[in-house]
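Before any comments, here is the structure.
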Amino acid sequence: MNATDLFIVETMFCDNELDPGILETYFTRFRTTLRSVLAQDLPEHVELIFTIYMSSDKRRWIDHAWSIVDGTELPNNMRVRIWEYHHPKGGYPPAQGVDRIKSPNKHAPQRDRLFQNAHFHVDFPSYHSVIRVAIDDDDLWLKTHIRELHRVASAGHRQYPDADVLALGPINCMIGYVTDEGVDVDIVSMRRTLTGDKFYSVENATTATVATLSPWGVPEILDETMAQRLLERGTTLRYVKNNAPGFVYLRWGDNLSNYRKDYHVTETYGSFKVNSVESFLSTPPEIALEFDENLEFGTFGKKLEVMASRGNDGTIRYSTNFDSLDLKDSQICFYLLQDGKRIDLRAYGTQGSGTFKGPPENVSVKAFVKNMDGIYLREETHVV
């Protein structure tokens with residue numbers, strides 16, 4: 001084994017999207033994502049494979065992506081692959097949730113098959129460590145981000161020398177709100193980690209172990225409950241505090257998730273504005289903040305859990321662990337949802353359990369926890 005560490009960076013362009021107008025809009029965003037990865041300032045003793053998954057029905061966009069790659073002078077230790085895959089003729093299995101419908105190949109087992117097919121040539125055991133990280137097709141990295149993630153991974157293995165598999169979630173990042181006038185950027189710490197920051201780092205790697213450790217599968221929630229679940233599978237899950245933020249999580253306003261992300265933010269260190277998303281590439285902002293060189297690893301307290309079941313009389317009974325979380329000055333409310341629409345509710349209070357009477361089939365219960373600063377926890381469960 002040599003002393004080189006291998007980064008595998010994965011991204012997927014508009015997986016199961018077919019609308020030509022949406023594809024054109026998203027490629028204008030993806031172009032910046034792509035360039036931000038190609039511009040990475042790589043440390044010594046690091047090799048990087050940048051794998052871009054694009055379905056074969058997107059030939060126009062595959063050609064555009066290759067033209068950007070071919071027009072970029074890459075460092076000697078970076079390789080780029082555009083892996084073309086085919087959608088199944090019969091379509092994908094039925095799925096719940098927009099993300100699974102639009103991006104089925106970011107979920108198991110499809111993502112594991114894709115990874116194995118795209119990386120069959122890689123001799124994983126020959127590397128000191130193998131790090132898998134992903135970035136969504138409309139976000140970006142500052143050019144120092146891989147260097148910072150490598151620092152985090154190295155420190156993690158020193159902190160946990162007996163752990164071959166680490167799942168690490170840096171929580172300092174930037175959130176960029178895109179407007180017609182530019183991008184308003186907050187430098188924040190979050191109560192969760194996101195794709196673009198979270199990653200697996202594996203020592204003594206084999207093809208079998210690496211193939212199932214998708215960066216899209218690293219939990220966003222970094223709490224004790226999730227850490228225990230992963231530990232049972234041989235993985236050490238930890239948050240990472242004091243990391244230098246190099247991931248820019250872009251909110252475009254017309255995408256499918258909530259535009260503002262304030263309810264995930266625990267602290268805002270500063271704000272600034274740039275003229276455009278592309279400005280991050282040409283003149284990266286000078287961030288007048290010093291983050292501690294001593295990284296902190298840990299887990300948050302237990303997460304909010306919601307359970308719901310339908311009785312013989314049709315009544316839905318729901319319960320939570322709200323009381324045991326000991327959330328001071330907080331209240332909880334409940335929505336009954338069908339196809340994402342609210343059809344009933346229980347107003348904010350301190351009672352973490354209750355019932356919905358006479359609901360229809362195929363519904364879910366969603367809980368919201370708030371304090372004086374607003375909603376900061378939410379969790380949803382389908383009724384069984």
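If you read the sequence from its start, that first residue is 1, and numbering goes on from there.
- Shown here are the side chain to side chain donor-acceptor pair (under 3.5 Å) partners of Lys198, two or more places apart in sequence or in another chain: there are none.
- Contact annotation: the side chain of Leu304 approaches that of Val369 to within less than 4.5 Å [non-hydrogen atoms, C-beta and beyond].
- Checking Ile8, Leu168, Val218, Val9 one by one against Phe199, the side-chain contact (heavy atoms from CB on, under 4.5 Å) holds for a single residue, Leu168.
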Would you check, one step at a time, whether the test side-chain contact (heavy atoms from CB on, under 4.5 Å) holds for Arg378 with Ile375? CA-CA 8 Å; Arg378 58 189 72 197; Ile375 295 172; 3.2 Å; yes
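- A distance below 6.0 Å separates the ring centres of Phe13 and Phe27.
- Counted within 6.0 Å of CG on Asn275, heavy atoms from surrounding residues, nucleotides or ligands total 12 or fewer; the atom is thus considered open.
- Residue His107 comes nearest to Ser103 through the heavy atom pair CD2-O, 3.1 Å, listed as atom of the first residue, atom of the second, then distance.
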Please step through side-chain contact (heavy atoms from CB on, under 4.5 Å) for the pair Thr236 and Val165, ending with a clear verdict. CA-CA 6 Å; Thr236 298; Val165 181; over 6 Å; no
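- A donor-acceptor contact closer than 3.5 angstrom links the side chains of His121 and Arg81.
- Under 3.5 Å, the side chains of His119 and Thr51 contain a donor-acceptor pair of N or O atoms.
- In this structure, Glu379 does not pair ionically with Lys366, as no charged nitrogen and carboxylate oxygen lie closer than 4.0 Å.
- Applying the side-chain hydrogen bond (donor to acceptor under 3.5 Å, both in side chains) test to residues at least two apart or on different chains, the pairs with a partner in residues 335-358 are Tyr335-Arg342, Asp344-Arg346, Gln351-Ser353.
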Decide yes or no on salt bridge (Lys or Arg N to Asp or Glu O under 4.0 Å) for Glu278 and Arg31, but give the supporting numbers first. CA-CA 9 Å; Glu278 291 74 18; Arg31 192 163 46 212; 5.8 Å; no
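- Salt-bridge formation is not detected for the pair Arg111/Glu10: no Lys NZ or Arg NE/NH1/NH2 atom is positioned less than 4.0 Å from an Asp or Glu carboxylate oxygen.
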Name the atoms and distances for all side-chain donor-acceptor pairs under 3.5 Å in residues 83-92, with sequence neighbours left out.
| unit_1 | atom_1 | unit_2 | atom_2 | d |
| --- | --- | --- | --- | --- |
| Glu84 | OE1 | Arg59 | NH2 | 2.7 |
| Glu84 | OE2 | Arg59 | NH2 | 2.8 |
| Tyr85 | OH | Asp15 | OD1 | 2.6 |
| His86 | ND1 | Ser56 | OG | 2.8 |
| His87 | ND1 | Tyr92 | OH | 2.6 |
| His87 | NE2 | Asp15 | O | 3.2 |
| His87 | NE2 | Ser55 | OG | 3.2 |
| Tyr92 | OH | Asn105 | ND2 | 2.8 |

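- Closest approach of Gln116 and Ala211 over heavy atoms only: CG-CB, 3.5 Å.
- Closest approach of Thr193 and Pro170 over heavy atoms only: OG1-O, 3.0 Å.
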Tell me, with the steps shown, if Phe7 and Val130 meet side-chain contact (heavy atoms from CB on, under 4.5 Å). CA-CA 6 Å; Phe7 265 86; Val130 177; over 6 Å; no
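- Closest non-hydrogen pair, Ala153 versus Leu166, comes out as O-CD1, 4.4 Å.
- A donor-acceptor contact shorter than 3.5 Å links the side chain of Glu17 to the backbone of Asp19.
- Placement of Leu194 and Leu295 within a single hydrophobic cluster is found when ILVMFWY residues are connected by side-chain heavy-atom separations under 4.5 Å, directly or transitively.
- Residues Pro219 and Leu237 meet the side-chain proximity criterion, which asks for heavy atoms closer than 4.5 Å.
- Listed by chain and number, the residues in a side chain to side chain contact (heavy atoms under 4.5 Å, CB included) with Asp123 are Pro125, Ser126 (sequence neighbours excluded).
- Judged by distance alone, the side chains of Ser201 and His157 do bring a donor and an acceptor atom under 3.5 Å apart.
- Rounding to the nearest 0.5 angstrom, the gap separating the CE atom in Met174 from the CG atom in Leu250 is 10.0 Å.
- Side-chain atoms of Asp186 never come within 3.5 Å of backbone atoms of Ile175 as a donor-acceptor pair (strictly under, hydrogens ignored).
- Residue pairs meeting the side-chain hydrogen bond (donor to acceptor under 3.5 Å, both in side chains) criterion with at least one partner in residues 211-233, sequence neighbours excluded, are Arg192-Glu220.
- Of the possible polar contacts, one joining the Thr72 side chain to the Ile68 backbone as a donor-acceptor pair under 3.5 Å is found.
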For a side chain to side chain donor-acceptor pair (under 3.5 Å) check, start with the C-alpha distance between His45 and Asp5, then their side-chain angles and the critical distance, and finish with the verdict. CA-CA 6 Å; His45 308 298; Asp5 295 321; over 6 Å; no
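- In this structure, the side chains of Arg317 and Phe356 stay at 4.5 Å or more apart for every pair of heavy atoms.
- Other residues, nucleotides and ligands contribute more than 12 heavy atoms inside 6.0 Å of the CG atom of Asp63.
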Can you check side-chain contact (heavy atoms from CB on, under 4.5 Å) on Ile171 and Leu222, steps first, answer last? CA-CA 10 Å; Ile171 59 173; Leu222 304 158; 4.0 Å; yes
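- The existence of a salt bridge linking Asp41 and Lys143 is excluded, since no basic side-chain nitrogen approaches an acidic carboxylate oxygen closer than 4.0 Å.
- In this structure, a donor-acceptor pair under 3.5 Å is absent between the side chains of Ser330 and Asn371.
- Counting heavy atoms from C-beta outward, Arg310 and Thr315 have side chains that stay 4.5 Å or more apart.
- Side-chain contact between Val188 and Tyr269 is absent, with no heavy atoms from C-beta onward closer than 4.5 Å.
- By the neighbour-count criterion of 12 heavy atoms within 6.0 Å, atom CG of Asn76 is sparsely surrounded, having that number or fewer from other residues, nucleotides or ligands.
- Counting only distance, with no hydrogens or angles, the side chain of Asn117 and the backbone of Arg113 share a donor-acceptor pair below 3.5 Å.
- Looking only at side-chain heavy atoms (C-beta outward), Leu6 and Phe124 come within less than 4.5 Å of each other.
- A salt bridge is absent between Asp139 and Arg251; no separation between the charged side-chain nitrogens and carboxylate oxygens falls under 4.0 Å.
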Side chain to side chain donor-acceptor pair (under 3.5 Å) between Ser36 and Thr33: does it pass, once the steps are laid out? CA-CA 5 Å; Ser36 78; Thr33 304; 5.7 Å; no
Determine whether Thr11 and Asp137 satisfy the following criterion, side chain to side chain donor-acceptor pair (under 3.5 Å), listing intermediate values before the conclusion. CA-CA 6 Å; Thr11 192; Asp137 57 6; over 6 Å; no
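- Under the 4.5 Å side-chain criterion, counting only non-hydrogen atoms from C-beta, Leu114 is in contact with Met12.
- For the pair Thr179 (side chain) and Glu181 (backbone), a donor-acceptor distance under 3.5 Å is present.
- Contacts of Thr209 classified as side chain to side chain contact (heavy atoms under 4.5 Å, CB included), with partners at least two apart in sequence or in another chain: Val202, Thr206.
- The shortest distance between side-chain heavy atoms of Asn16 and Lys102 does not fall below 4.5 Å.
- Judged by distance alone, with hydrogens and angles left aside, the side-chain atoms of Glu47 form no donor-acceptor pair with the main-chain N or O of Met78 at under 3.5 Å.
- The main-chain N or O of Asp138 is found under 3.5 Å from a side-chain atom of Trp252 such that the two form a donor-acceptor pair.
- Between the side chain of Thr266 and the main chain of Ser189, a donor-acceptor pair closer than 3.5 Å is present.
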